Amino acid sequence: MRQSDGQSEDAAPTGRRQRAATMSLKARLALTLATAFFAIVILGAVLTFFQARDNIHTELIAARSVATNRVAQLVAELPASRDVRGKLAGFVRTFNGDRRVKVVLIDSLGVIRDQSIMAHDFGALPQWFVQLLAPEPSTTIMPLAAVSEPLTSVAVIVDPRNELADAWLDLLTSLGLLVSFLAIAFGAIWVVADRALRPLTAIHDAFARIGGGDYSAKVAPRGPPEIQELARGLNTMTGRLEAISSRNRRLSERLLHLEDEERAALARDLHDDVGPLLFAIDVDASGIRRTAASPSPDKAAIAERAGAVVAAAHQARRELKRILGNLRPGATSGLGLKGAIEEMVAGLAARHSDVAFRLDLPGGEFGATIEMLVYRAVREAVTNALRHGRPEAIAVAVEERAGALAFSVSDDGGGFAGPQRDGGFGLVGMRERIEAAGGTLAVEETPAPKGVRVFGRIPVAGLVPPHAAAAGAGPAVLDEKAALAAMASMKDER
């Protein structure tokens, strides 16, 4: 039972929180305003009650004091009066219509001989109100002089009913005005809140469309400045989402083209480089079989053809190693960036003996991700130069500079063959990857010698080159003049 009671006690606040969470903003505002207004009404009623009680007490004390003073003055004047009874009767009549005090003349037997008539302004008062505010009954009896026989005393009776009626009327008027004011304020606030929150419906619908993948959703900036700013922010977000979506679609298309191009390149390499070697192995192996099957086999010929088969197999393995090196993602593993680029360039130099390669590479390690991005960008740039141009020299430079790894690949292959100035799909894909890592990649045409230069930079966390302090902040990429000077020196060497 204790456990169940504890669970029920815990469930009650949870249920209240859930109901509050599902309550709309306008409902919360209405509940808050109603609670605040109810508290204001209660506070106003309490303050009015205490103020009315004090006012009634003060007025009745003042009325009693005035009446007793007038009676005392009457008693002092009676011995000198010729018509005592007339003076007493006139004195009583002066209190007719008084709203607070009633004067009564009493004889020696305690019989009321004369009394004033009070004003009857009060109606039916609530009993609870009378009990709350009515003071204790107050009657003051003052003796008269001997000349007033048989009248012996004057009773001053203070009646609070008219004051209570005034207090009740004031209370109803004050509370009525307060309730009317609060009702008008509540209505005005409700109308303003409804108009201010109405644009949120359009914003909610826009978010629903965005969640469904429709990034063209726009919202007209309406309502208060805060809601307008929210609508403008939503429109900016949808514009960026639409641009990102369009960019992702273009990237997907580029990646598909890149995949087709890489497959075509792989097929071309297998057909042009590995295919002839396999054909040569097949021809030599067939020759060995024919020679060995003859009545008098020529051992020298067999040995020669066997050597050719071994050489072709070795060459095929080298070509396969080169192709796999281009395909596998961990091309720099174990070699470092410098070793991987040198190995890649050595393979290309063996196939393109008419091209002079010049390398300016730093030692050290920069992280597998950064090294892979730079390696692939350099490989793509060098491959494009050899495939699409007629270069006599290619310069590859990588340098640590200003907390980043800058790289540059320059050639003298004649520049762009057409209007495409951003590189093929390979470089486009590399630009996307490098930009995702916070770097930049650019392609430009060099005038002299006429060629193409691919350059970029990738930030490396914690990289502070030793020469940075002395050299100061330099450009983010390698100097173009230095690259052109390297090209010229390579031509001189040739």
Side-chain angles (χ1 to χ4, degrees), residues 254-357 359 372 375-394 396 409 411 413-414 417 423-427 429-430 494:
R254 291 170 181 172
L255 291 178
L256 290 177
H257 285 289
L258 177 61
E259 182 179 355
D260 293 338
E261 188 173 291
E262 288 180 345
R263 288 178 178 177
L266 177 60
R268 183 170 56 251
D269 288 340
L270 292 175
H271 179 272
D272 296 343
D273 298 332
V274 180
L277 295 173
L278 295 177
F279 178 74
I281 291 174
D282 181 60
V283 171
D284 290 333
S286 298
I288 291 174
R289 184 176 58 184
R290 288 194 301 270
T291 303
S294 63
S296 57
D298 187 355
K299 294 182 179 180
I302 292 175
E304 181 180 356
R305 286 183 175 272
V309 169
V310 173
H314 282 254
Q315 183 63 26
R317 283 198 302 271
R318 284 193 294 270
E319 292 297 331
L320 287 176
K321 182 178 180 181
R322 178 185 61 81
I323 295 173
L324 292 175
N326 292 335
L327 292 177
R328 69 177 183 265
T332 65
S333 178
L335 298 176
L337 179 61
K338 180 178 180 181
I341 294 178
E342 288 176 346
E343 183 182 31
M344 182 264 295
V345 170
L348 294 175
R351 300 173 59 195
H352 301 275
S353 57
D354 57 335
V355 179
F357 291 89
L359 305 180
M372 179 54 56
Y375 172 80
R376 285 182 170 178
V378 170
R379 185 186 67 185
E380 187 66 30
V382 173
T383 304
N384 284 345
L386 295 173
R387 182 180 301 168
H388 303 294
R390 298 180 301 277
E392 296 181 2
I394 296 178
V396 178
V409 178
D411 67 78
F425 292 110
L427 283 179
M430 285 308 307
R494 290 173 59 86

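From a predicted model like this one, the values you see are computed outputs, not experimental measurements.
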**Q.** Distance in Å, Met344 CE paired with Arg376 CZ, rounded so as to fall on 0.5 Å steps
**A.** 12.5 Å

(Q) Quick check for you: to the nearest 0.5 Å, what is the distance between Asp411 atom CG and Leu386 atom CG? (A) 8.5 Å

Taking all non-hydrogen atoms of both residues, which atom of [X] and which atom of [Y] are closest, and how far apart?
X: Asp284; Y: Ala308; answer: OD2-CB, 3.2 Å
X: His271; Y: Pro276; answer: O-CD, 3.1 Å
X: Pro391; Y: Ala385; answer: CD-O, 3.5 Å

Would you please name every residue forming a side chain to side chain donor-acceptor pair (under 3.5 Å) with [X], sequence neighbours left out?
X: His314; value: Arg317
X: Arg268; value: none
X: Arg263; value: Glu259

**Q.** Which residues share a side chain to side chain contact (heavy atoms under 4.5 Å, CB included) with Val345, sequence neighbours left out
**A.** Ile341, Phe357, Leu359

Q: Sequence neighbours left out, what passes salt bridge (charged side-chain N to carboxylate O under 4.0 Å, His left out) with Arg351? Give chain and number order.
A: Asp273

Q) With sequence neighbours left out, which residue pairs that include part of residues 285-304 fulfil the salt bridge (charged side-chain N to carboxylate O under 4.0 Å, His left out) condition? A) none

Q) What's the verdict on side chain to side chain contact (heavy atoms under 4.5 Å, CB included) for Val378 and Glu380, showing C-alpha distance, side-chain angles and the deciding distance? A) CA-CA 5 Å; Val378 170; Glu380 187 66 30; over 6 Å; no

Q: Verify, without hydrogens or angle tests, whether Ser294 (side chain) and Thr291 (backbone) share a donor-acceptor contact under 3.5 angstrom.
A: yes

